[in-house]
2 protein chains.
Amino acid sequence: MSSSPLACASCPVRDRAACAALDEGERADLARLGRHRTLEAGENLFAADAPSDACATLVRGALKISATDADGTERILSLVHPAGFVGELFAPVARFDVVALTKSEVCLFSRREYEAAVERYPALARALLRRSSEDLFGARSLMAMVGRHKARERVAAFLLAMGEAASDSPCHPAARFDLPLSRAEMAGLLGLTIETVSRQLSALERDGVIRRHGLRGIELVDAARLGVPA
Amino acid sequence: MSSSPLACASCPVRDRAACAALDEGERADLARLGRHRTLEAGENLFAADAPSDACATLVRGALKISATDADGTERILSLVHPAGFVGELFAPVARFDVVALTKSEVCLFSRREYEAAVERYPALARALLRRSSEDLFGARSLMAMVGRHKARERVAAFLLAMGEAASDSPCHPAARFDLPLSRAEMAGLLGLTIETVSRQLSALERDGVIRRHGLRGIELVDAARLGVPA
DNA sequence: CGTATAATTGATTCTTTTCAATGATTGTGG
DNA sequence: CCACAATCATTGAAAAGAATCAATTATACG
């Protein structure tokens, strides 16, 4: 962990994050409220049941939002990509965990001060509304996908989504990429067990749809067959 | 279907819906943009893949938000209760279906005009942000619940939730209520089949946890055993 | 290099789905 | 008002899928 003032000028999500909706003066005001923080892979940003006293915009890296039940099983509810916003603005207590999947950087704000900024700057409220609506769509899409498909299709859809996230071009997935998630995390996201995920990956490789390179490297040999099954 | 101007003065969700954040004059402006509409049970409010040109606040009744896949299987992603807001403000095309579960009443707005109102009235943007955040929490909670539990626990949790929704007191579920959903809809919401839902209801009744009255009447005999299994 | 952690693979068990048939409820037209 | 059709729900038997239990192999890390 490390922490320092914000440097918006060099921010890679400067024009995509919620704060992009603000004009220069407003953004400078907001910047004064926030602090830059680095997270190591696996480091906790927020914890379920802790007071919800902060919120953050992801600048670099990747986060997961997850719920862990009594017996320690983790269910991943969402992945957060750069420019994403995390933190529960209107809840006194956080209800989910937020953890860095890889080395990450965030702009961290006090929840109280950020809420005041939302009151002060209507454009910020609208930007957050837009972002929240997208997150809601994402959550519902994931629910529809997981609820409807069998293990192999879930794993395939996940690989495709990761390939697209790793790609520069908007509509074609990257031919090769590294998974940002462990098998346990993939299982938690897809509602499966580690063993089932592993078996499906093996089956996809055996069928010539993908090739694995080490534990996390994935090569999409036949991306078309990852989509809708024939 | 029927349609007429709004009558906010007698609106049952007057102080809970998004528009409650507005002052009298603003609310009157917004009211001029909207129309009251009645929906019969099963009637479609919005359809997936149709242009997203409207949005609405639910005044009375209940809605479902659902996705239907190629083979006609419906996956219910959310139930909407009075004061809930539906419609995709920032998407040009609707991605889910919105259908009335029971006879319902909504305030219907043009999406374009509502978006303009969101720009004009910061309080409306903030109210929608709050509501969207809650919906997001609801979607994630449902996902965590469905992903973590077996069939019986899902059905039990659903009955408990419906009992609480039907109750006047905030923390105790109603002892008796009618399900607003058919078996097919329950299955679609819980990620199960009709048969599995039916079997679990039979099992719960056999075990003395509930009693069924007709097809949709549910009596909670031992609500404690619907919660966390001992 | 050895140990700890993560991933794969196999065998078995359990749950849920699927297929199939029966029973109940609702609504309609005679 | 009743008979009938249509829809919805329940129940049973068989099959499929995924979880669990258990062991082995690969990878990362000190």
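A, B, ... follow the sequence lines: proteins, then strands. Residue 1 opens every chain. Worth saying up front: this structure is predicted, and the values here are computed from it rather than measured.
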* **Exercise: do A/Ser202 and A/Arg212 side chains pair donor with acceptor under 3.5 Å** =>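 Yes - a donor-acceptor pair under 3.5 Å links their side chains.
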* To do: Please check if any side-chain donor atom of B/Glu74 sits under 3.5 Å from a side-chain acceptor atom of B/Ser66, or the reverse.
  => yes
* Scan B/Ser202 against the nucleic acid and name what it touches under 4.0 Å (heavy atoms): base, sugar-phosphate only, or nothing. =>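 Contact class for B/Ser202: sugar-phosphate only.
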* **Identified side-chain contact (heavy atoms from CB on, under 4.5 Å) counterpart of B/Leu58 within the set B/Val86, B/Val80, B/Leu45** => B/Val80
* To do: Round to the nearest Å and state the distance from A/Gln200 atom CD to D/dG17 atom C1'.
  => 10 Å
* Asked: How many Å lie between CD1 on A/Ile194 and P on D/dA18, as a whole number?
  -> 16 Å
* Asked: Taking N and O atoms by type only, does the side chain of B/Glu185 place a donor or acceptor under 3.5 Å from a partner on the base of D/dC8?
  ->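 No, the side chain and the base share no sub-3.5 Å donor-acceptor pair.
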* **Any N/O donor-acceptor pair, B/Arg199 side-chain to D/dG12 base, under 3.5 Å** =>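 Such a pair is found, so the answer is yes.
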* Is there a side-chain contact between B/Thr196 and B/Thr193, using heavy atoms and a 4.5 Å cut-off? ->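 Of all side-chain heavy-atom pairs linking B/Thr193 with B/Thr196, at least one is under 4.5 Å.
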* Asked: Does A/Lys150 reach the side chain of A/Arg154, with side-chain heavy atoms less than 4.5 Å apart?
  ->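 No, side chains not in contact.
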* Which ones in residues 205-218 of chain A lie close to DNA chain C, meaning a heavy atom under 4.0 Å from one of its atoms? ->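 By residue number: A/Arg212, A/Leu215.
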* Are A/Phe85 and A/Phe109 close enough that their ring centres sit under 6.0 Å apart? -> no
* Asked: Taking 5' to 3' order, which nucleotide of DNA chain C is first and which is last to have an atom within less than 4.0 Å of a heavy atom in chain B?
  -> C/dT16 to C/dT25
* To do: Check B/Ala67 against B/Phe96 and note the closest heavy-atom contact, atom names and distance.
  =>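 So the minimum-distance heavy-atom pair works out to CB-CD2, 4.0 Å.
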* Once you build an axis from the first five pairs and another from the last five of the helix from C/dC1-D/dG30 to C/dG30-D/dC1, how far apart in angle are they, to 10 degrees? -> 40°
* **From D/dT10, D/dA18, D/dG12, nucleotide with atom closest to B/Arg183 side chain** =>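 The answer is D/dT10, which lies nearest to the side chain.
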* Can you tell me how far the CG atom of A/Asp178 sits from the NE2 atom of A/His213, to the nearest 0.5 Å? ->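 Reported value, rounded in 0.5 Å steps: 10.0 Å.
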